[in-house]
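First comes the structure, then the notes that go with it.
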Number of protein chains: 2
Amino acid sequence: MNYTISEENYIKAIFRLQRAGKTVSTNALALELETKPASITDMLKKLKAKKLVLYSPYQGCRLSSEGSKLALSIVRRHRLWEYFLAEKLQFKWDEVHEVAEELEHVSSKQLIERLDAFLGFPRFDPHGDPIPDSTGKITMPELVKLITLRPCERARVSGLTDQSADMLKLLKQRKINIGTIVTINKKFEFDQSLEIEIPESIPFIISEQTAQNILVQYEPES
Amino acid sequence: MNYTISEENYIKAIFRLQRAGKTVSTNALALELETKPASITDMLKKLKAKKLVLYSPYQGCRLSSEGSKLALSIVRRHRLWEYFLAEKLQFKWDEVHEVAEELEHVSSKQLIERLDAFLGFPRFDPHGDPIPDSTGKITMPELVKLITLRPCERARVSGLTDQSADMLKLLKQRKINIGTIVTINKKFEFDQSLEIEIPESIPFIISEQTAQNILVQYEPES
DNA sequence: AATAATATTTAGATTTGCCTAAAAATAAAA
DNA sequence: TTTTATTTTTAGGCAAATCTAAATATTATT
């Protein structure tokens with residue numbers, strides 16, 4: 001029932017990197033945790049033995065349902081502390097993360113439940129990320145149409161209003177997927193088209209109709 | 001500048017056991033930290049190398065001035081968190097210690113200074129123990145005459161108003177020293193004499209005059 | 001499909017903090 | 001002041017979490 005700080009950090013990292021269906025690679029984890037792949041392999045074996053992750057050699061890993069539960073409870077602690085630091089101790093939104101990284105490993109359940117109540121059961125942390133409740137449920141952030149964003153804003157693609165084959169084909173060609181982070185470069189008032197940018201490719205234009213169809217959620221600055 | 005949780009716990013334990021002039025024995029530390037004497041020896045060598053303690057084999061140890069500074073800052077963190085837990089999160093006074101043991105190792109200076117301000121710079125924790133300020137200074141708890149205590153109360157002997165040879169001889173005979181914990185058993189209204197008790201001896205009576213002369217400070221329940 | 005490049009795992013060490021068992025020093029008792 | 005008892009230290013090991021270097025799988029390229 002009680003895990004080391006290191007174990008918790010691995011679980012958190014896997015949670016962060018894990019995208020629907022896909023497995024998390026050893027290398028990606030090593031990068032995320034600023035450690036060597038060999039160390040990752042060692043720890044994955046241990047976490048597998050503790051039934052927190054699904055893992056088979058060379059196949060990467062995923063959180064088990066128990067692992068996900070743990071991840072959510074760590075995220076909960078982290079974000080509640082971030083909220084506390086920003087709201088009660090006047091920390092700036094970009095100073096809270098580092099301190100919360102330490103506070104999140106204090107494991108008393110009673111502490112977290114009472115802190116939550118003291119803070120008035122907040123649902124989003126200072127970065128706008130949702131805070132899981134005590135059962136692990138999270139309030140999904142509001143989905144908005146991509147067309148409503150303004151230049152310089154960033155958002156994560158989260159859904160589509162029209163899932164026709166033509167639409168999917170278009171998105172596939174542009175390499176836009178669920179989870180892709182999109183940055184708005186310019187908005188052309190003439191036809192409401194947008195110049196957008198996605199990681200590892202050059203900016204391109206999408207039409208108003210397309211931008212009407214893509215649902216996104218705001219992404220905090222990084 | 002940054003110490004492990006284990007190192008901090010050793011420093012705290014030495015601080016707790018250290019009495020003026022005297023050295024802290026390896027065995028006493030092993031008992032306090034619920035570990036084996038051999039482990040203590042190992043760690044004392046490391047703490048000596050880091051100049052936190054004065055130590056020579058078979059002679060016990062003491063905190064260096066740097067060690068004392070660290071100890072005070074750990075005590076400060078611990079007591080501020082205890083105050084927070086009791087005052088803001090409605091923890092009972094006897095529930096705060098365990099959680100504070102974990103929180104005290106979160107090392108951000110900024111966190112502690114802001115927490116202190118948020119709490120209104122409290123000077124005593126929920127057990128009545130003084131909270132060192134950011135420079136390590138502590139407000140001494142008020143000294144009161146032993147005669148003012150009531151049955152069942154406990155206090156630590158902290159000073160004398162009259163330091164005549166006769167008085168000192170009397171106290172020596174009764175084995176009452178600075179630091180001795182005294183419990184009041186009964187108060188005889190007739191002559192204001194007190195039946196008191198000190199550790200490892202049977203209860204005895206002291207006169208009103210004597211009790212007028214002994215200065216004590218309240219001791220939190222244990 | 002064979003080869004080159006990349007990703008992952010194994011093997012063997014290291015550090016931290018702890019342990020047990022035996023040796024050495026100190027303190028207490030005869 | 002010997003002898004006995006107690007305290008402390010040394011020596012050698014163990015588990016956790018990490019590392020480097022070498023071996024092995026997998027993936028990509030020709």
Side-chain angles (χ1 to χ4, degrees), chain A residues 1-14 17-19 21-63 67 70 74 101-102 104-105 107 175 200, chain B residues 1-14 17-19 21-63 67 70-71 74 101-102 104-105 107 200:
Chain A
M1 286 285 160
N2 241 20
Y3 303 101
T4 68
I5 291 176
S6 213
E7 287 167 344
E8 290 196 348
N9 284 334
Y10 274 77
I11 294 297
K12 233 188 354 160
I14 298 169
L17 296 178
Q18 191 172 265
R19 294 275 165 269
K22 284 179 199 147
T23 197
V24 179
S25 77
T26 300
N27 254 8
L29 263 176
L31 228 62
E32 181 76 12
L33 288 166
E34 297 181 306
T35 177
K36 299 292 143 109
S39 311
I40 302 291
T41 304
D42 284 351
M43 184 60 102
L44 286 180
K45 284 185 202 159
K46 199 182 313 173
L47 295 177
K48 183 185 180 180
K50 295 194 177 191
K51 295 184 193 302
L52 292 172
V53 305
L54 311 174
Y55 163 71
S56 37
Y58 297 102
Q59 303 311 133
C61 67
R62 294 187 55 68
L63 293 176
L70 175 57
I74 302 168
E101 283 291 291
E102 292 195 60
E104 74 188 2
H105 300 294
S107 58
K175 297 208 163 65
E200 284 150 48
Chain B
M1 285 290 160
N2 242 20
Y3 303 101
T4 68
I5 291 176
S6 213
E7 288 167 343
E8 290 196 347
N9 283 333
Y10 273 77
I11 293 297
K12 236 191 347 164
I14 298 169
L17 296 177
Q18 190 172 266
R19 293 276 166 266
K22 283 179 200 146
T23 198
V24 179
S25 78
T26 300
N27 254 9
L29 263 176
L31 227 63
E32 181 76 12
L33 289 166
E34 296 180 308
T35 176
K36 298 295 143 105
S39 310
I40 303 291
T41 304
D42 284 351
M43 184 59 102
L44 287 180
K45 284 185 201 159
K46 198 183 312 173
L47 294 177
K48 184 186 180 178
K50 295 194 177 189
K51 296 184 194 297
L52 292 173
V53 305
L54 311 173
Y55 163 70
S56 37
Y58 296 102
Q59 302 311 132
C61 68
R62 296 187 54 69
L63 294 176
L70 176 57
I74 302 167
E101 284 290 293
E102 290 196 61
E104 74 188 1
H105 300 294
S107 58
E200 284 151 47

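A quick note: this is a predicted structure, and the numbers were derived from the prediction, not measured.
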Original post:
Mapping A:E7 and A:Q59 to their closest nucleotides on DNA chain D, which lands nearer the 5' end?
Top reply: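 Its nearest nucleotide being more 5', the pick is A:E7.
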
Starting from [atom2] on [N], measure out to [atom1] on [X] and report it in whole angstrom.
X     : N      : atom1 : atom2 : value
B:L44 : C:dG17 : CG    : P     : 13 Å
B:K36 : C:dA22 : NZ    : P     : 15 Å
A:Y3  : D:dA16 : OH    : P     : 15 Å
B:I40 : C:dG17 : CD1   : P     : 13 Å
B:I5  : C:dT16 : CD1   : P     : 16 Å
B:E8  : C:dG17 : CD    : C1'   : 15 Å
A:M43 : D:dA17 : CE    : P     : 4 Å
B:L33 : C:dT16 : CG    : C1'   : 16 Å

**OP:** Find the distance between CG (A:L52) and CG (A:L44) and round it off to the nearest 0.5 Å.
**Re:** 11.0 Å

**OP:** Answer with base, sugar-phosphate or nothing: what part of the nucleic acid does A:P57 contact at a heavy-atom distance below 4.0 Å?
**Re:**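 The residue A:P57 makes sugar-phosphate contact but no base contact.
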
**OP:** Pick base, sugar-phosphate or nothing for B:T26, based on heavy-atom distances below 4.0 Å to the nucleic acid.
**Re:** sugar-phosphate

Between [options], which nucleotide has the shortest distance from any of its atoms to the side chain of [X]?
X     : options                : answer
A:T35 : C:dC18, D:dT9, D:dT18  : D:dT18
A:D42 : D:dT18, D:dT8, C:dC18  : D:dT18
B:N27 : C:dC18, C:dA7, D:dT8   : D:dT8
A:S6  : D:dT18, D:dT26, C:dT16 : D:dT18
B:Y55 : D:dA16, D:dT9, C:dT16  : D:dT9
B:P37 : D:dT9, D:dT18, C:dT26  : D:dT9
A:Y58 : D:dT26, C:dA11, D:dA17 : D:dT26

Original post:
Which heavy atom of A:C61 sits nearest a heavy atom of A:Y55, and at what distance?
Top reply: CB-CB, 4.1 Å

Subject >> Carboxylate-amine/guanidinium proximity below 4.0 Å for A:E200 and A:K175 >> reply: no

Original post:
Taking for each residue the nucleotide of DNA chain C bearing the nearest heavy atom, is the 5' side occupied by A:T41 or by B:T4?
Top reply: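 Residue closer to the 5' terminus by nearest nucleotide: A:T41.
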
Original post:
Taking B:T26 for the side chain and B:I40 for the main chain, is one N or O donor matched with an acceptor at less than 3.5 Å?
Top reply: no

Original post:
Heavy atoms, side chains only, cut-off 4.5 Å: are B:I74 and B:L70 in contact?
Top reply: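 Side-chain contact under 4.5 Å: yes.
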
Subject >> A:K45 side chain near C:dT9 phosphate (N/O to OP1/OP2, under 4.0 Å) >> reply: no

